[in-house]
Structures are given as C-alpha cells and as structure tokens.
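Read the structure below first, then the notes.
Whatever order the structure lists them in is the order used to number ligands and atoms, beginning at 1.
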Amino acid sequence: MLQVLQRIVQEVNAARDLRHALEIIVHRVHEAMGVNVASVYLRDPERGEYVLMATLGLNPEAVGKVRLRSREGLVGLVGEREEPLNLENADQHPRYRYFPETGEERFHSFLGVPIIHYRRLVGVLVVQEQDQRRFEEEEVAFLMTMAAQLAGAIAHAEASGDIVDLRRRKRKARNKPLMGVPGALGVGMGVAMVAYAPADLSAVPDRRAEEPERDAEAFRAAVQAVRAEVEDLSQRLGDTLPRDELLLFDAYLRILDSSSLVDEVERRIKKGSWAAGALRQVIDEHVRVFDEMEDAYLRERAADIRDIGRRLLMRLQLDAGDKREVPARCVLVGQEVNASQLAEIPQERLAGVVSAGGSSSSHVAILARALGVPAVMGVTDLSLGALEGKDVVVDGYAGRLYVEPSRTVRREYRRLLREEAELTEDLKQLQDLPGQTPDGKRVCLYANTGLISDVGSSLNSGCEGIGLHRTEFPFMIRERFPGEEEQTRLYTEVLSALAPRPVTLRTLDVGGDKSLPYFPIQEENPFLGWRGIRLTLDHPEIFLTQLRAMLRANVGHENLQIMFPMISRVDELEQSIALVQRAREELAEEGVATPLPKLGIMIEVPSAVFQIDRLMEKVDFVSVGTNDLTQYILAVDRNNARVADLYTSYHPAVLLALKQVADAGLRHGKPVGVCGGMAGDPGAALLLLAMGVNSLSMSVANLLRVKWVVRSFRYDHALRLLEQALPMDHPEQVRALLHDTLDEAGLGGLVRAGK
Ligand code: PEP
Ligand code: MG
C-alpha cells in the first residue's frame, strides 16, 4: 500500500496544474481501491460552499456545477466533523442530499474523508460503491493517508490562484500566503522568475566518442568558458560585496580546478565515452557522495557541483543559455536557489528571493542579506511550475510569499514600502541621539554584524557599538579553518572600524544548521548536538587560534569583548575563561602584551537561565540570544516553516525567562543585553527596557526604529506594559497589546511581524 501511495503522491506532485493533479487523484484512488466512484470536493471559503472538482464514476458534466453549502449533504457533514464518514446506506442518512446531475442514486455505500492542511479544511475526498457495505478499516486508513498527502498540493494551488481558476473559470487574486522562514528582512514586490537548470544532465545518454581527442578538447574549452563565466559573475558582484564574501565563488572555481572532477572526465573520454556522457557520470558520482551526507552544508555543496555540471553541459551543447528576459522587478524563485543564479540577475532588477529549500543560514540567504534583498527560505508547498511570470510579494519579515495577491494585499504592502521609505527618512534625524526614554532611562543600542559589509553599514547607523559579531561566516566560506593571521586581520578590521565603541566578538558558533565544508558533522539532531561552545571546547587548537587572533586584534584598540555561545553548563564557562587566560599567557610569552577583554556569555539554553546566578558571578556581561532561547524553551525548530506559527518570543514562558535573566543582572550589578531578533522588534524592545535590560543589539535595519520607540515612550509607561504582559496566557495577547500600544502612540508604521 505504501508503494501505491508513494507513487500517487509523486504523480500528483509532478502534475502541471491542479486540474491534472485532481484527475490523477480520482483515477488512482478509483483504481487502487477498486471502487465505483472517486471524487474530490474542494471548499470555497469565500462562498462557504463545497464544489465538485473532479470525479471518476459520477457524471463528468457535474464537475464545477455541483455545489453544496457548507452544512449541506454528507460532504458537508464530513467537513463539519473533520472526521471520516463511513456509511453502508448513504441514501438513508438524514443528511443525504441528491443531485440529479451526478447520477449518484445508484451508489449506496459512501466513504468521505476530510482534506486538512495545517488545521484548515480544504476539501473532502469521497469514494462510493453500488453494493451496500461498510468500507474496511484498511480502506478508510488508505483514503485518509491519501487525503493528508494531497492537502499540501491543494493548499499550494489555492495560494497560487489555481483553484479559483477552476471554480470560476477566471483568475482571481488571493490573500493567503505560502509560509516559509525569514531569510533576509524586507519586502519585495515583483514578477516571479523560476531559477531552473538550464541543461538537463540527467537526460544525457551514454554514447561512444567518435573522436575522443576532439571531445576532450571541447570539454577543456567548456571548463575554461565556465571558469570565465564564474569569474565574471563574481566580478559583477565585486562592486557591492567585500572581497571576503566573494570567496563563495572561489568554491566554484575550486571545483572546476579539482583534478578529481576534471581529470576523471577526461580519463573517461580517453577511454571512449563522449564528453557529455563522461561529464554526467562523474558529476553523478560526486553528487551522490555529497547528497548522502547528513550534514546540511555538505548537501549544499552537492547543489554547487550539480550547478557546475549543468553549466559545463550547457557549454558543451553550445547552448547560449537562458534566453528569458529578466523582469524589471524580478523575484527569483527556485527549489534550491543557489548563489550563482542569484548573481546572474542584474542587481537593479532583483526584488526578492524565494527558495523551497534552505534556511536563514544558507549561502543564498547570506548573500541576499549582504545585498539588502528580501528573502524567504524553506517555503513548503512551493510548486514551481505554476509560478513563472506571476506577480508575487515577498515578505522577508514574516517569511511569507503571496502569489497573485489581491489588490488589498498589494495595496497594504505598497503602503508598507512607502511608509518604510518615509520612515527611513524621518528616522535619520535620530542617528546621533542616544537611546533614551523621555524620562531619562538609558538603553544602549548596538548592531549585529557578521559580514564585513554589515560592519560598513553599522558605521553610519548611529549604533553605539557592536553587540554581536558572528564570526562563523569566514569559517563557512573557506576550504579550511582560517589561520591566526587571517583571523587577526579580519577582527582588526572590525575592531578598528568601530573603536572606541565596544565590539563583542562571539567565538565560533557552528553546528546546528551552520556547518563547515571541511569539518563535516553528521547528527540526527544537530540543534541538540555538537554546537557552539561544545565543539570549540572539544577542539582547543581551533578555539585557541581564534582567541589569540581576537586578543591580538585588540592591541591598540582595547574595545574588544568576547562572548561564548551556547553555554549550558558552568564548567563550559570555566574552561572557556581558562583558555582565554592561556591564550593571553602564550601571547605574553611571545612578547605580545594584550589587555584583558570583558568576557561574557550568551544565554540561549534554558539551563543557563536556571543557573543564571552561578554564571553571572563569573562573567562581565551576559547577552540573551532570543532566537535560540525561544527555540529551546518552546521546543520549536526556528527554521521549520511547519511550526513557524508556534515560534514566537512573545510566549509568556520566554518573557518570564528573560525577566529572570534581567533580574539577575540587577542583583549582580552586571549588564544584561539581548542580541536575538527580539531586540530589533520595536514593541518587544519596550518590554525588554522595562525589564531592566541594558543593551539591545540588532540588525542595522531595525536600529533607528527601536531608537524611535525608546525615545517616544516614558519608562513608567513601559513598566506598566510589562506588568500587563507578564501575566498573560497567550502570545497573541502580548502581540496585540504591543501592537495596539504602538498604534495608539501613532507609531503603527513601526510594527512589523514581530515574532
Ligand atoms: C540567538 O540565538 O538569538 C543569536 C543571536 O544567535 P544566532 O542567531 O547566531 O544563533
Ligand atoms: Mg544562537
């Protein structure tokens, strides 16, 4: 049965549109269950009706015509109860309703199951038979499984306007978005362009080379051409991106230079295979090795290799490439959009990026952030075939994609963009003013950085320092651990740019969804695994190199603060402090006297909240990483779009944890900061301020908004808000409270989808 189900689901997912998908469903269910009738009714929420959308067994003329009100008939009953309905004598049931156009009086037994997508009823799947019999348990289970699998495909069609097409025979815009996770903040409106493989490697057959020498030559020329192409792409971005971030493209060049790939293709050509076939075989082998790796980063390398393979094939085929015209405002959409596809779109035309796969730490999301282009990642139910050329809105704040949105949605986002632009102008005047309430309560506003380009933009942002510099990116884009000199140079650049303002460098925080190509980690539960401080403590050589580089970079600047991520035990902190001391001693022995920087930890794990007093005694400061703390307190994966609705820092449990940390800071007289996404949410910032948090560190884009709120609300008002929020039961109440408060103060424009 499983095989049958899998086959049907595969077929349905490959269908070119909803009409075909529904046809496949009714045909396959009809065949697999051996019933007389299989039908799909979809719910039209706007009209509160069920519409017969596809059938095999009833009169095909009835499709699109038979409509039932939501409380009408057996279909309505299945929908109402959201449970299967299994009847031997359907026509005897008080809710039975007869539609002459279906010709269904011949059928006695009825089995209907609801089609539900994330709690929302989207339709009803029905089978019927002439015989009077109750359907077997196994049959009910089969149909329910089928319905659960189909819900996603149907919901996608609904979001992209396909369903309305069928029901009304005309296109009508929608208000329901597809859900993903934020990849890069911002809103983009434009026309979808689907990034797809220009050449289909998998379609290349094996064939003997007529003249192997000529094939080998053609292949070498293709390698050179693709090399030039990649260099060109990298150069095109060179004006916008700093050198360090361009290293991403070096990975491509290294694949092209790697003897294991290029030589192997040539070897096969010499043995008699034609160039394209040899290329396919070698790429397949490489991809298989990487694809089978558990590690998300390495799987992404498989995508890079595949991309190189396609480019080479395209050259071999002398295909001039993608001839589509890039829309003036292009939203690049793809299964797994990669960095080179993004680079190919002229920057002035790129309005957004949407990827079915990946997370906020995928290369393409990092690049989008560096380019200031909104991005949404991990969009479930993205069916690419139907998207090309459609109008879309990308909401990088909330991680949403609207396909052919209604005029209302469009107007709303246009207003948001306009207000954003006006606001940005208005906010500029706050640049040099302190983060201080009208009644004198101070809070330091810092920037979060990671790329060298972030450091550049933080300089003019009015930030009072850097509260979190994520050091992992230079590690992620290299082919080996960066050495001490290399790291010293990078950190010096950051420290000197900001001096005398403080800069908090976080020690390497890889693991989870951030991994290193040269240091694969295979784990079942990477977010609960070898992450952050756990990994660096197990590799003191890596840790010490980084600490030495940080300390050396601080000489002459003296604005360094070091912060340790993912601390979950007191001994992890003790060992980390001991390693800082050791690094200083070693440097002193080498004649480099380094000042002792302030040391702090991130509070990201619930155990650290419970042990906050013990930890506080040993550090100079703490900073709460609300992104991870929220995911660990609520047990909700921060990168999983399926549970994105449950992921919210407004959850009362998260607020209580934050309050405990802030209280401990007051007790110990040590500064408490917040550097997760919550710090950049203007409403939440008021609550944090009231808790007594000393600093908020956020992406530069949010800094002046938060400053505006801080400067607009009296401290005693913030205290009252906190008093109201803390006893609330539901995150939604907290969200509404903050929303209304900002709205009443005329700062509604600042409210964006706070999580
Ligand atoms: C956090 O977890 O809140 C945080 C700031 O760290 P990162 O987002 O890099 O995990
Ligand atoms: Mg974190």
Working for side-chain hydrogen bond (donor to acceptor under 3.5 Å, both in side chains), residues Asn448 and Ser697
CA-CA 6 Å; Asn448 285 355; Ser697 193; 2.6 Å; yes
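- Salt bridge status for Glu574 with Arg614: absent, with no side-chain N to carboxylate O gap under 4.0 Å.
- The side-chain hydrogen bond (donor to acceptor under 3.5 Å, both in side chains) check on Lys659 picks up Asp663, with sequence neighbours excluded.
- Donor-acceptor pairing under 3.5 Å is lacking for the side chains of Tyr118 and Asp645.
- Screening residues 487-502 for salt bridge (Lys or Arg N to Asp or Glu O under 4.0 Å), with sequence neighbours left out, gives no hits.
- In this structure, a donor-acceptor pair under 3.5 Å is present between the side chains of Ser649 and Thr630.
- In this structure, Asp454 contributes its side chain and Leu451 its backbone to a donor-acceptor pair below 3.5 Å.
- A donor and an acceptor atom, one from each side chain of Gln546 and Tyr491, are located under 3.5 Å apart.
- Ligand 1 lies under 4.0 Å from heavy atoms of Leu468, Arg470, Arg506, Lys514, Arg531, Met602, Glu604, Gly625, Thr626, Asn627, Asp628, Arg638, Cys675, Gly676.
- Side-chain contact, His730 with Glu732: no donor N or O sits under 3.5 Å from an acceptor N or O.
- By the criterion of a separation under 2.8 Å, the protein N/O/S atoms near the Mg ion (ligand 2) amount to Glu604 OE2, Asp628 OD2.
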